[in-house]
Amino acid sequence: MTANPTRVLVLNSGSSSVKYQLLDMADGARLAAGLVERIGEETSRLVHSPLATGGDKREQEAPIADHEAALQAVAAELAADGLGLDSPELAAIGHRVVHGGQKFTAPTVITAEVLAEIERLVPVAPLHNPANITGIRTAQALRPDLPQVAVFDTAFHTTMPESAARYAIDTATADAHMIRRYGFHGTSHAYVSRETAKLLGKDPSEVNVIVLHLGNGASASAVERGRCVDTSMGLTPLEGLVMGTRSGDLDPAVLLHLSRNAGMSTDEIDTLLNKKSGLIGLCGDNDMREIRRRIDEGDAQARLAFDIYVHRLKKYIGAYYAVLGTVDAVAFTAGVGENAAPVREAAVAGLEALGLAVDAGLNAVRSGEPRLISPESARVAVAVVPTDEELEIATQTYDLVSA
């Protein structure tokens with residue numbers, strides 16, 4: 001083992017996929033990245049980018065039976081670049097874990113007890129935690145000698161006060177079934193809020209930021225002096241903003257109505273709200289580029305979907321402005337937030353009395369760099385800050401194991 005190994009492998013294990021990046025924390029350089037998808041299906045696909053060498057992407061399609069086979073395939077691709085999992089330069093493996101409940105408030109070295117607690121949380125994250133657990137166990141089998149670290153999507157939001165985290169239902173029932181608002185996309189909100197402060201030339205402890213993570217999944221957070229005090233997602237990632245295929249906020253009686261009057265089962269309602277709602281439910285598309293193209297052609301259904309999306313977004317900006325009292329910046333991030341100028345413009349339109357405005361010219365610029373898009377005279381900065389969840393996971397992992 002080298003004296004100071006500096007590489008971290010980041011794994012994001014889904015139910016039928018594994019995303020990965022290998023980073024060198026000495027300088028933050030990405031050495032390799034890739035994706036294995038359709039695990040367990042007749043034809044699986046692996047795409048590997050050897051970033052360290054600048055070589056071409058390598059793709060292969062062949063059956064990959066399970067996550068163990070997937071990680072072995074990833075290890076083989078890394079080894080082909082001289083970056084194998086047996087490298088003495090590898091300091092740790094960092095795992096994205098979606099749900100950490102109330103217990104995990106920071107990155108955590110994975111032990112048998114930690115794994116058992118992640119498993120105990122499966123009822124509140126049935127789609128995500130089982131896949132995360134599978135990825136962890138597989139990686140442990142491949143490198144049992146290496147520190148494995150869990151970085152939780154929910155951890156950044158554990159600083160919310162009880163007044164924001166509690167639902168107004170019977171307390172005993174809520175506690176018995178772990179029902180409360182946890183929030184998600186925490187690694188993104190943590191990274192973007194810090195980068196926004198840096199963009200303003202300030203320490204995170206000096207600024208209040210509203211972060212808008214707008215991808216196919218979308219969430220907002222109110223970050224007060226570096227600590228999350230409210231966020232839009234709740235017990236699950238279904239609550240909050242209108243998303244690509246998720247409804248976001250909904251009168252809970254809608255579920256009862258669908259059960260009693262439409263005869264829909266729990267699974268059918270779950271599918272409706274998570275996979276057939278949001279933008280795709282409103283207009284048949286969940287790609288904002290396609291929706292904007294349809295709007296330009298005069299499509300009324302696409303226009304309505306866009307307007308509903310923006311209306312919900314604007315409500316959360318106003319709500320979190322009220323929660324924070326004073327706001328230094330509103331930061332847009334993720335696929336839609338970073339690339340859809342019309343969404344950014346529409347979201348702050350009419351909020352000039354709150355000090356919010358965008359400069360049309362600055363907003364139209366496409367860039368992969370953090371940038372301000374508000375006029376110099378604006379009281380509140382409006383920023384576009386590309387998120388980097390893999391770097392955030394790698395940083396938290398490396399900081400923990402090297403401490």
Side-chain angles (χ1 to χ4, degrees), residues 185 188 192 196 199 210-220 232-233 237-238 240-250 272-321 329-378 380-388:
H185 294 149
S188 178
V192 171
T196 303
L199 191 61
I210 297 172
V211 178
L212 304 171
H213 176 108
L214 308 179
N216 192 48
S219 61
S232 58
M233 286 179 168
L238 182 59
L241 303 174
V242 175
M243 306 176 219
T245 65
R246 298 182 192 134
S247 65
D249 290 340
L250 194 73
L272 172 69
L273 299 183
N274 279 290
K275 298 181 179 179
K276 297 182 179 180
S277 295
L279 291 172
I280 205 162
L282 290 167
C283 72
D285 272 309
N286 63 333
D287 187 322
M288 188 57 72
R289 293 165 297 187
E290 181 63 15
I291 290 171
R292 290 302 310 177
R293 184 194 65 76
R294 288 171 55 184
I295 290 172
D296 291 341
E297 294 178 353
D299 189 315
Q301 198 77 10
R303 165 54 71 182
L304 178 60
F306 181 84
D307 289 347
I308 293 171
Y309 181 94
V310 169
H311 179 76
R312 184 79 56 81
L313 189 54
K314 191 171 292 191
K315 283 175 66 175
Y316 269 91
I317 293 173
Y320 287 170
Y321 206 119
V330 174
F332 290 87
T333 194
V336 174
E338 294 169 29
N339 298 298
V343 170
R344 299 192 295 260
E345 179 184 11
V348 301
L351 301 181
E352 291 81 8
L354 298 180
L356 289 163
V358 297
D359 178 283
L362 294 174
N363 191 36
V365 173
R366 295 183 68 87
S367 171
E369 298 298 317
R371 60 200 186 276
L372 295 178
I373 59 170
S374 47
E376 286 188 21
S377 59
V380 178
V382 180
V384 180
V385 180
T387 191
D388 197 332

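Hydrogens, waters and symmetry mates play no part in the numbers below; they use all other heavy atoms, side chains included. If you're wondering where the values come from, they're calculated on a predicted model, not measured in any experiment.
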(message) Assess the residue pair R292 and V343 against the criterion (side-chain contact (heavy atoms from CB on, under 4.5 Å)); give the C-alpha distance rounded to whole Å, side-chain angles, the decisive distance to 0.1 Å, and a yes or no.
(response) CA-CA 10 Å; R292 290 302 310 177; V343 170; 5.8 Å; no
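- Looking at heavy atoms from C-beta onward, V348 lies out of side-chain contact with V380 at the 4.5 angstrom threshold.
- Remark: E338 engages T333 in a side chain to side chain donor-acceptor pair (under 3.5 Å) (not counting sequence neighbours).
- In this structure a side-chain-to-backbone donor-acceptor pair under 3.5 Å is present from S232 to A220.
- Between the CG atom of L214 and the CE atom of M288 there is a distance of 8.5 Å, given to the nearest 0.5 Å.
- Among all heavy-atom pairs drawn from C283 and Q301, the shortest one is CB-O, 3.8 Å.
- Put simply, the side chain of L304 does not reach to within 4.5 Å of the side chain of L282, judged on heavy atoms.
- The CD1 atom of I373 sits 12.0 Å away from atom OG of S367, with the distance rounded to the nearest 0.5 Å.
- Screening M243, M233, R246 for a side chain to side chain contact (heavy atoms under 4.5 Å, CB included) with L238, the sole residue that qualifies is R246.
- E290 meets the salt bridge (Lys or Arg N to Asp or Glu O under 4.0 Å) test with R293; sequence neighbours excluded.
- Under the ring pair (Phe, Tyr, Trp, His ring centres under 6.0 Å) criterion, the residue pairs touching residues 282-319 are Y316-Y320, with sequence neighbours excluded.
- The closest side-chain heavy-atom distance from L212 to I317 is below 4.5 Å.
- Of the inter-residue distances, the one linking T245 atom OG1 with L279 atom CG reads 9.0 Å to the nearest 0.5 angstrom.
- Between the side chain of D287 and the backbone N or O of R289, at least one donor-acceptor pair lies under 3.5 Å.
- For the residue pair L313 and A347, the shortest heavy atom distance occurs at CD2-CB, 3.7 Å.
- Nearest heavy atom pair, residue G240 against residue R312, reads O-NH1, 2.9 Å.
- Residues meeting the side chain to side chain donor-acceptor pair (under 3.5 Å) test with S219, sequence neighbours left out: H185, H189.
- Rounding to the nearest 0.5 Å places CZ of R294 at 12.0 Å from CG of D296.
- In this structure the side chain of L351 never reaches within 4.5 angstrom of the side chain of Y321, judged on heavy atoms.
- At most 12 heavy atoms of other shown residues, nucleotides or ligands fall within 6.0 angstrom of atom CD in E369.
- Salt-bridge check for R303 with D307: passed, with a basic side-chain N closer than 4.0 Å to an acidic carboxylate O.
- Between T196 and V211, every side-chain heavy-atom pair lies at or beyond the 4.5 Å cut-off.
- By the side-chain contact (heavy atoms from CB on, under 4.5 Å) test, S277 is found to be paired with S247, L272, L273, residues two or more places apart in sequence or in another chain being considered.
- The minimum heavy-atom distance between L199 and A383, with the atom names listed, is CD2-CB, 3.9 Å.
- Contact of the R371 side chain with the L362 side chain is not registered, since no non-hydrogen atoms from C-beta on lie closer than 4.5 Å.
- Pairing each heavy atom of A381 with each of L372, the nearest pair is CB-CD2, 3.9 Å.
- S374 contributes a side-chain N or O that, together with a main-chain N or O of V382, makes up a donor-acceptor pair within less than 3.5 Å.
- R344 meets the side chain to side chain donor-acceptor pair (under 3.5 Å) test with N363; sequence neighbours excluded.
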